[in-house]
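Report on the following structure.
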Amino acid sequence: MARYAQVIVDVPAMQTNRPYTYELPQELQDQAQVGMRVIVPFGKGERQIQGFIVGLTDEYELAIAPKRVTSLMDLAPVLNNEALQLADWLAQKTFSFKIRCLQVMLPNVMRASYSKSLRLLSAVELPQELNSLFAGGSEIEFDESKLSAQQLNKLAQMRQAGHLEVVYHVKDRAKAKLVGVVTSLVDEQNYTQFKAKVRKNAHKQLELLEFLYQNPHQSFLQTKLQADLQVSLNQLKKAAQQGWLKLAQQERYRDPYGDKTLQVTTPKQLTPEQQRAVEQIDQAITAKNATAFLLEGVTGSGKTEVYLQAIAHALSQGRSALMLVPEISLTPQMVQRVKERFGKDVAMLHSALSDGERYDEWRRIERKEAKVVVGARSAIFAPLDDLGLIIIDEEHEASYKQEDMPRYQARDVALWRGKYHNCPVVLGSATPDLATRARAQKGVYQQLNLTKRINGSSLPQVTLVDMREAVKTAPAPDFSQILLDQITERLARKEQVVLMLNRRGYSSFVLCRDCGFVLKCPNCDVSLTLHMDTHSMKCHYCGHEEAIPNRCPSCDSKKIRYYGTGTQKVQAELEKLLPEARILRMDVDTTRKKGAHERLLAKFGAHEADILLGTQMIAKGLDFPDVTLVGVLNADTSLSLPDYRSSERTFQLLTQVSGRAGRADKTGQVVIQTYNPEHYAIQLACRQDYEQFFFYEMNLRHLNNYPPYYYTIKITVSAKSEAEAAKESFAIKKGLDQCLSPQALVLGPTPSSILKIKNRFYYQLVIKYKQEPALEKYLQDLLLQSQSGEKKGIMVVIDREPVNFL
DNA sequence: AGCACGCCGACT
DNA sequence: GTCGGCGTGCTC
């Protein structure tokens, strides 16, 4: 009987949301299982592509003849039932193509790479243009971009005549790392026999034989043996033929951590508050309740210890645990803490891993060799089964939202998986996302509070500096006298200082004082940013780079100056003011290289610098006992962004960075410089008053019809010309008007705040709504339609609950 | 992406 | 009258 496989196919540059049915050849019928990767032919050209089996049936109802599965790529399914269900839900929820949702659950290397080659079919005379191409061979790599138009033309002709065919290849890049292993077969019994056969003057062979005899039946790493005994692979092969040893390939995990021996830590004594939180979570784990908890705890209140003990409880129940942290706080400090507690049960998934390392960690999880997974956003798809607990640390972080398809929110995926596994989900933060906190208020989430700092240390004292006044007497444009005095004081006491430059929505640019000309990127609608290290102007969107002008290109005036504040400029100011201070700068430029972030932090931790100067990336998760002063140079740049969340972001940032000051014995000081000292976000951040902020901001959201009172969906249209982008976005607006009820609001279409990026023009629409039964369908249709527009260069992006409105 | 189908201009 | 242009649509 014929069997058929329903396959979601991965066709480059073409996506559908429905499976295609393929016939399974007899020999694959028994092996094929749902969740396996397959290779199938697709389209008229019988091009070979990768796909996923999502169903198996005996029925085939189409009028056309079925095509057959070429081969299976896996021996066992790589996606289980949960993953397949989750992919369906994701596709629907995030307006994504199913294939993308399936792929996001697997390590990169399991996505096939495609190539094609040209094969000569008959021994025909080659035209001159192609002679050098084939160079006597009959099959060559086919790369269109490397061939001239004439050559392509000739190739097409030959193909037409049947002399040539295009062969498509699907390459599975998922390869376990193999190491050569040598096992000694020499022992008492055969030693003399072997030795007799060796020429007396063959020193190397005798040496090898002797070594094998000394270590009977032991195994050695082939490369190490070769180095130690100075023998070649050929000699080993020869020895293997003689029966002295066995050469084999063994699978080995790539080890991203090295052989560092870790000290095992034991659970710490909990405060009564922590104790209560742990108990509640443990109860939900034991009772298999999919409860969502909001663990709201001020910085330093010991959230991590609560996580660790709850994880331990899940493990004690024989279940596994998943913990998500923002990428930036996946610093060695955090990794270390979890590894120290749970040892080799832990798998890490973060962006610093190579594709191969990530694949190995994935397989360790899949084989149940790791029961605890710690990772950034995409680790939420880790193939743990029997989950007992999911933790999202710093749940308010914007980085939990993926910015390209599938545009998922890891928190939502966590809640889905919690329901699937009947396990609790803990959302932890000092400054929860407003929507999360609102749900706790309504009782949808259960709130757990940690109100006290763990060692009884008090919250830092915060001083607000009104820069409108202070700037008049300021020793430098970015430093008030108050802040400078405070810094000087710390330097004298050999304590450390963290300075944060709020760069969100801000950059340094060049402006002509005579005509107002601003140097802009020729490809993008943004001003170029000054980089003193390379002495050039750079575009942060497309990478365009040019020289710093000394005359205005527009009016030829010499009064062309730098405006704005960059970390480099601040560093220069600071060096002038305090020449003896050792300053460490941390921003996108100094942390671009792999591991640079960690190195800088380690340096600061080792007291090799007095001042850490950086952008928002320093606000998170670092913990240095000697830091007693935190300065925020410009608190308000993030307030002026055209985004309804700008107050929330500012509040969170200031609260977080303030928490970096002071530990244990030393009380911390925070100095915040601002031009908006009356603003509620800044005022309340100073008092570390989350509750007050929550109520104030909720009221504003309510008045202005913003989340969490409304749902939002952003639609972005981009095209090669502004007219096309505008036209398409207005067409979408028209369609929306027809399907939405009068209760829904549509903002736009408007040109995006950065109209042009990389020579493409952007328009956007935002839908705010509460209940729109017809909207879902409309957007799903729009998603499918947008496929055809892409040929013409018109792209439509649908983003549910976007994290930024820019 | 690639290939076929289909309806308008310059050729044998 | 036909060859071929690339706009449009489909791929089990």
Side-chain angles (χ1 to χ4, degrees), chain A residues 1-26 28-29 32 34-73 84 91 97-100 102-103 111-119 141-147 149-171 405 719-721 724 727-728 731 781-796:
Chain A
M1 191 176 41
R3 290 277 284 165
Y4 302 91
Q6 242 107 50
V7 179
I8 300 280
V9 289
D10 168 38
V11 190
M14 179 228 125
Q15 284 132 338
T16 57
N17 260 340
R18 89 195 123 135
Y20 289 84
T21 311
Y22 285 86
E23 188 180 337
L24 280 162
Q26 196 67 45
L28 298 182
Q29 286 187 12
V34 170
M36 281 181 176
R37 295 175 302 156
V38 285
I39 297 173
V40 292
F42 194 83
K44 302 278 152 61
E46 297 295 291
R47 161 168 69 131
Q48 298 292 314
I49 53 164
Q50 190 185 56
F52 291 89
I53 303 182
V54 293
L56 292 166
T57 68
D58 293 329
E59 272 138 66
Y60 186 83
E61 284 156 349
L62 285 173
I64 45 163
K67 287 188 180 179
R68 311 174 89 215
V69 170
T70 308
S71 63
L72 300 174
M73 291 179 80
L84 294 170
F97 295 111
K98 277 208 183 110
I99 186 68
R100 302 293 208 87
L102 294 167
Q103 282 167 339
R111 195 171 315 162
S113 67
Y114 301 114
S115 63
K116 44 190 176 173
S117 59
L118 291 168
R119 186 188 287 160
E141 187 89 356
F142 181 22
D143 184 354
E144 273 135 315
S145 59
K146 284 192 191 144
L147 300 177
Q150 296 101 299
Q151 286 176 315
L152 286 171
N153 203 315
K154 276 276 182 292
L155 286 170
Q157 281 175 25
M158 290 192 53
R159 190 173 169 192
Q160 204 99 98
H163 298 315
L164 188 74
E165 72 172 340
V166 178
V167 189
Y168 294 91
H169 304 279
V170 180
K171 199 166 95 206
M405 194 190 276
K720 278 171 284 182
S721 75
E724 281 176 300
K727 191 173 160 228
E728 179 63 20
D781 288 349
L782 183 63
L783 171 73
L784 292 177
Q785 279 169 38
S786 68
Q787 272 297 295
S788 55
E790 268 175 46
K791 272 237 170 93
K792 286 173 273 176
I794 300 171
M795 291 202 286
V796 177

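Worth saying up front: this structure is predicted, and the values here are computed from it rather than measured. Order of the sequence lines fixes the chain letters, A, B, ..., with proteins taken first and strands second; residue numbering starts at 1 for each chain.
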To the nearest Å, give me how far apart CD1 (I794(A)) and P (dT8(C)) are.
-> 11 Å
Sequence neighbours left out, what pairs pass salt bridge (Lys or Arg N to Asp or Glu O under 4.0 Å) with at least one residue falling in residues 41-58 of chain A?
-> R3(A)-D58(A), E46(A)-K67(A)
Say you draw a straight line from OG1 of T16(A) to CD1 of I99(A); how long is it, rounded to the nearest 0.5 Å?
-> 9.0 Å
Would you kindly give the CD-to-P distance between Q787(A) and dA1(B), to the nearest whole Å?
-> 10 Å
Please tabulate the protein-to-nucleotide N/O contacts below 3.5 Å involving nucleotides 9-12 of chain C, giving atom names and distances.
residue: dC12(C); atom: OP2; partner: K67(A); partner atom: NZ; Å: 2.5
residue: dC12(C); atom: O3'; partner: T21(A); partner atom: O; Å: 3.0
residue: dC12(C); atom: O3'; partner: K67(A); partner atom: N; Å: 2.5
residue: dC12(C); atom: O2; partner: T21(A); partner atom: N; Å: 2.7
residue: dC12(C); atom: O2; partner: T21(A); partner atom: OG1; Å: 3.4
residue: dC12(C); atom: N4; partner: R18(A); partner atom: NH1; Å: 3.0

For side chain to side chain contact (heavy atoms under 4.5 Å, CB included), just list the numbers for L118(A) and V166(A), CA-CA rounded to whole Å, side-chain angles, deciding distance to a tenth of an Å, and then say yes or no.
-> CA-CA 5 Å; L118(A) 291 168; V166(A) 178; 3.9 Å; yes
Touch check for K792(A), heavy atoms < 4.0 angstrom, all strands: base, sugar-phosphate only, or nothing?
-> nothing
Side chain Y22(A), main chain P41(A), donor-acceptor under 3.5 Å = yes
Reckon Y168(A) touches a base, only the sugar-phosphate, or nothing at all at heavy-atom distances under 4.0 Å?
-> sugar-phosphate
Counting N and O atoms only, with roles assigned by atom type, does the side chain of Q50(A) sit under 3.5 Å from a partner on the main chain of R111(A), one being a donor and the other an acceptor?
-> no
Just wondering, do E141(A) and S115(A) contact through their side chains at under 4.5 Å, heavy atoms?
-> yes
